[in-house]
Amino acid sequence: MRIPYDVPKIHMYSRIRKSPYFYASERHGVQSYTVCNRMYHPRHYDDMLAEYWKLVRDVTLWDVGVERQVEISGPDALTLANMLTPRDLSKCAVGQNKFLLNTDVDGGVINNPVLLRLAEDCFWFSVADGDVLLWAKGVASQAGLDVRVTEPDVAPVQIQGPKSQPLMRDLFGDQVLDLKYYWSAEFELNGMDVVVGRTGYTGEIGYEIYLRNASRDGMKLWDTLLEAGQPHDLAVIGPCQIRRVEAGILSYGSDIALDNNAYSDYAFLNPYEIGLGWTVDLDSDSDFIGKEALARIAEEGVSRKVVGLEIGGDPIIGYLDDYVPVVDGSEQIGQVSSAFWSPRLEKNIGFALVPVEKSENGTKLTVRTAARGDLGAMVVPRPFVDPKKDTPKGVQAAQASA
C-alpha cells in the first residue's frame, strides 16, 4: 500500500535563514522544506523513491547549507575541541576528518557532527541541528582559554552516488581522487575557495564541498556544479532518508534526541545506548565534558539501546509524523524513531529504542500503529546494507577497476 506524501506548507519569512543555495535550489522545484539550525532545508524535489534510485544509480547534488560550521581556532583550539567531545582529537591529523559526538555532563549526546581539522590550531565541527555554537561559546567563556569560537561564512553541498568520482575529477582534477575516506583538502574552483571532504550522509561514494565566502559565491558554485554535472546525469535531490537508514546512520533530533516522548525519561541518549561507544576514548588525557559519567555508564552498562528493526506490513512510504510505540501487550516498552521501505531489500527497515533485554538480534517485537494496527517486527543488525562500508570507502570501485 502506498501512502500519499503530504507536503505541509512552511511560511517563508526573515526570521528563518536561507542557505546561500536557497534560490538556486528553488529553481529545481522544491516540494517540501524542513527547518534545521534555524535555516530552511530542502527535503524533496521528487517522489522519495525516485530520488533514492537517482542516488544509488547515478550522482546527485544536495543543498546542505544548513550544516553550519562551528570554527574553533587559536592557540588553545585543540584543548577546547577536546573538551567538547569524548573522542581524542590529539590523534587527528591536519586534513583528517572524524565522526564524533558532543556530550553533556551526564554523558548525553547533544550533537553528532563531523569534525574537520584544517590546521594545527583550527577545527570545524560540521553540526547537525542543534545549538553547538552557543554551547561551545559558553564552555569557552568559562574555560579561560586563548581561543575563538565563530560561525564562518561556509556552506556545504554534497555530491553523492556511484558516479560522483568522475564528476569530481572533471571539477578538481585527478588529485581529488587521492582523498581517502574521512579526509579533506583545500581546493580552488573557478576562483572559489573550497574544502572538499570524502564524507556524506548516504553510505554511497560521495563528497562534501564546503564553500568559503558562501554568501557571495553560493549561486556561482551551484551553477558550476550543474554545468559540470550535465554529462554525468547529475540530479538535484534532498537528503535521502531511505539510504541513510540502510547505512545505519542515526539522525540527530529523531533517533538521538532529548524528550522524544514520555518514554524517553527526559534524558539524552548516551553513546553506549546508540551503539557508538567506540567514539568514547576514556583513556585519553583530555578532561572532556561527561567523562566521569561515561566512565560510570561504561562500567554499569545501559538499560536501553537503539536497534535496527525489520517491520512487517505494507511498504512505509513517507515519514513518521510521531514516534511509534513498541509494545508488550498493553504496555509501551520502546519506540520507533525512523522507518522507511527499502526498495533494494524490499522490506520496511528502521530504528527503535528498546529495553536492553529486548535488543538482541532475532528478538521479535510488536509495533503499534494508529493506521495499520499492530505490526510484527524483528531486531536485526545495523547497518542494513554494506556493514563494512566498502562502498563509501571506494573498495568496490577499486576492485571493479583493477
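Along the sequence shown, the residues carry numbers beginning at 1. Any value given below was found using the heavy atoms of this structure, including those in side chains, with hydrogens, waters and symmetry copies removed. The structure presented is a predicted model; accordingly, all values stated were derived computationally and were not measured.
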Does D121 form a salt bridge (charged side-chain N to carboxylate O under 4.0 Å, His left out) with R148? I'd like the steps, not just the answer. CA-CA 10 Å; D121 60 353; R148 294 180 68 246; over 6 Å; no

Residue E188 excluded, over 12 heavy atoms near CD under 6.0 Å: yes

Describe, in one word, how the ring planes of F22 and Y33 are oriented to each other, choosing from parallel (under 30°), tilted (30 to 60°) and perpendicular (over 60°). parallel

Between R17 and E151, does any NZ, NE, NH1 or NH2 come within less than 4.0 Å of an OD or OE carboxylate oxygen? yes

Just say parallel, tilted or perpendicular for the rings of H28 and Y45, cut-offs at 30° and 60°. perpendicular

Do D88 side-chain atoms and S284 backbone N/O form a donor-acceptor pair below 3.5 Å? no

Under 3.5 Å donor-acceptor, Y323 side chain and S254 backbone: yes

In terms of heavy-atom contacts, does NZ of K305 have more than 12 from other residues, nucleotides or ligands at under 6.0 Å? no

Enumerate the residue pairs fulfilling side-chain hydrogen bond (donor to acceptor under 3.5 Å, both in side chains) with a member in residues 92-114, sequence neighbours excluded, ordered by first and then second residue. N97-S184

Contacts of type side chain to side chain contact (heavy atoms under 4.5 Å, CB included), residue D153, not counting sequence neighbours: A214, S215

Would you say CD of Q175 has more than 12 non-hydrogen atoms from neighbouring residues, nucleotides or ligands within 6.0 angstrom? yes

Lys/Arg N to Asp/Glu carboxylate O, D223 vs R27, below 4.0 Å: yes

Working note: V70 + L84, criterion side-chain contact (heavy atoms from CB on, under 4.5 Å); need CA distance, chi angles, decisive distance, verdict. CA-CA 12 Å; V70 176; L84 302 180; over 6 Å; no

For the student: nearest non-hydrogen atoms of R117 and L78, plus distance: NH2-CD2, 4.3 Å

Judged by atom type as modelled, is there a donor-acceptor pair below 3.5 Å linking the side chain of R304 to the main-chain atoms of E273? no

Salt bridge R243-E246, side-chain N to carboxylate O under 4.0 Å: yes

Steps toward side-chain contact (heavy atoms from CB on, under 4.5 Å) verdict (V132, I110): CA-CA 8 Å; V132 175; I110 62 175; 5.7 Å; no

Go through the steps to decide whether L211 and V157 satisfy the test side-chain contact (heavy atoms from CB on, under 4.5 Å), and finish with yes or no. CA-CA 8 Å; L211 175 65; V157 296; over 6 Å; no

Check whether any side-chain N or O of S164 sits under 3.5 Å from a backbone N or O of Q160 as a donor-acceptor pair, and report yes or no. no

